[in-house]
Amino acid sequence: QLQASGGGLVQAGGSLRLSCVASGRTFTSYARGWFRQAPGKEREFVAAIDWSGVSTYYTDSVKGRFTISRDNAKNTVYLQMNSLKPEDTAVYYCAAGFGPYSSSDSDYGYWGQGTLVTVSS
């Protein structure tokens, strides 16, 4: 029901824009989040946005570089990633949860399949 796309290989300092399209149901009243999992590491929170798109929340390591946004008319959430670093390399997952935006993956009941982002140095 959530389809993430936009990953790829990029050099350090470059940019990528991830998209997560929902299908089968409407998530306009749901908080949306992005998480990532690097090789050999646990999944970690990246960014979240409330249902209206007004409030956003980022993990410290991406503040000022990443921007989460949403288009409820398209049932889509985006993650604009600028100034990418090799440590941003991971599989990025989008998620949806009914409630306030959250950094806890247990608050999200719907998950996409993930898209791989590789940042070369």
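- Within the 4.5 Å cutoff, side-chain heavy atoms of Asp105 are placed close to those of Trp111.
- Among all heavy-atom pairs drawn from Gly33 and Tyr108, the shortest one is N-CE2, 3.7 Å.
- For the 3.5 Å distance criterion, the side chains of Asn82 and Ser15 qualify, holding a donor opposite an acceptor.
- Rounded to the nearest 0.5 angstrom, Ile49 CD1 and Ser55 OG are separated by 8.5 Å.
- Counting only N and O atoms by type, the side chains of Arg25 and Tyr110 include a donor and acceptor under 3.5 Å apart.
- Side chains of Arg32 and Trp51 form no contact here, defined as non-hydrogen atoms less than 4.5 Å apart.
- Thr28 places no side-chain N or O within 3.5 Å of a backbone atom of Thr26 that could act as its donor or acceptor partner.
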For residues 113-121, which side-chain N or O atoms pair as donor and acceptor with protein atoms under 3.5 Å away, sequence neighbours left out?
| from | atom 1 | to | atom 2 | distance (Å) |
| --- | --- | --- | --- | --- |
| Gln113 | OE1 | Ala4 | N | 3.3 |
| Gln113 | NE2 | Ala4 | O | 2.9 |
| Thr115 | OG1 | Gly7 | N | 3.1 |

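- Between Ile68 and Tyr58 there is a side-chain heavy-atom pair separated by less than 4.5 Å.
- Distance CZ/Arg17 to OG1/Thr67: 11.0 Å, rounded to 0.5 Å.
- Transitive grouping of hydrophobic side chains (ILVMFWY, heavy atoms separated by less than 4.5 Å) keeps Leu79 and Val91 in distinct clusters.
- Two residues are said to be in side-chain contact when any heavy atoms from C-beta on lie closer than 4.5 Å; Phe27 and Asn72 fail this criterion.
- Because its NZ or CZ atom is not both nearer than 6.0 Å to the ring centre of Tyr78 and within 45° of the ring axis, Arg70 does not count as a cation-pi partner of that residue.
- For the atom pair CZ (Phe66) and OG1 (Thr56), the distance works out to 14.0 Å, reported to the nearest 0.5 Å.
- Residue Tyr93 comes nearest to Gly112 through the heavy atom pair CD2-O, 3.6 Å, listed as atom of the first residue, atom of the second, then distance.
- A salt bridge links Arg36 with Asp88: the distance from a Lys NZ or Arg NE/NH1/NH2 to an Asp or Glu carboxylate oxygen falls below 4.0 Å.
- Side-chain atoms of Asp71 do not come within 3.5 Å of backbone N or O of Asn75 as any donor-acceptor pair.
- Counting all heavy atoms, side chain and backbone alike, Ala48 lies closest to Ser102 at CB-O, 3.7 Å.
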**Request:** Using the side chain to side chain contact (heavy atoms under 4.5 Å, CB included) rule, take Met81 and Tyr92 through it: C-alpha gap first, then chi angles, then the decisive distance, then the call.
**Result:** CA-CA 11 Å; Met81 305 186 296; Tyr92 283 71; 3.9 Å; yes

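- Between Leu2 and Cys20, the closest heavy-atom pair is CB-SG, 3.9 Å.
- Under the 4.5 Å side-chain heavy-atom criterion for Ile, Leu, Val, Met, Phe, Trp and Tyr, Leu18 and Leu84 are members of the same hydrophobic cluster.
- In this structure, Val77 is not a member of the same hydrophobic cluster as Tyr30, with clusters built from ILVMFWY side-chain heavy atoms closer than 4.5 Å.
- Placement of Tyr57 and Phe35 within a single hydrophobic cluster is found when ILVMFWY residues are connected by side-chain heavy-atom separations under 4.5 Å, directly or transitively.
- Applying the side chain to side chain donor-acceptor pair (under 3.5 Å) test to Ser104 and every residue at least two apart in sequence or in another chain returns Ser106.
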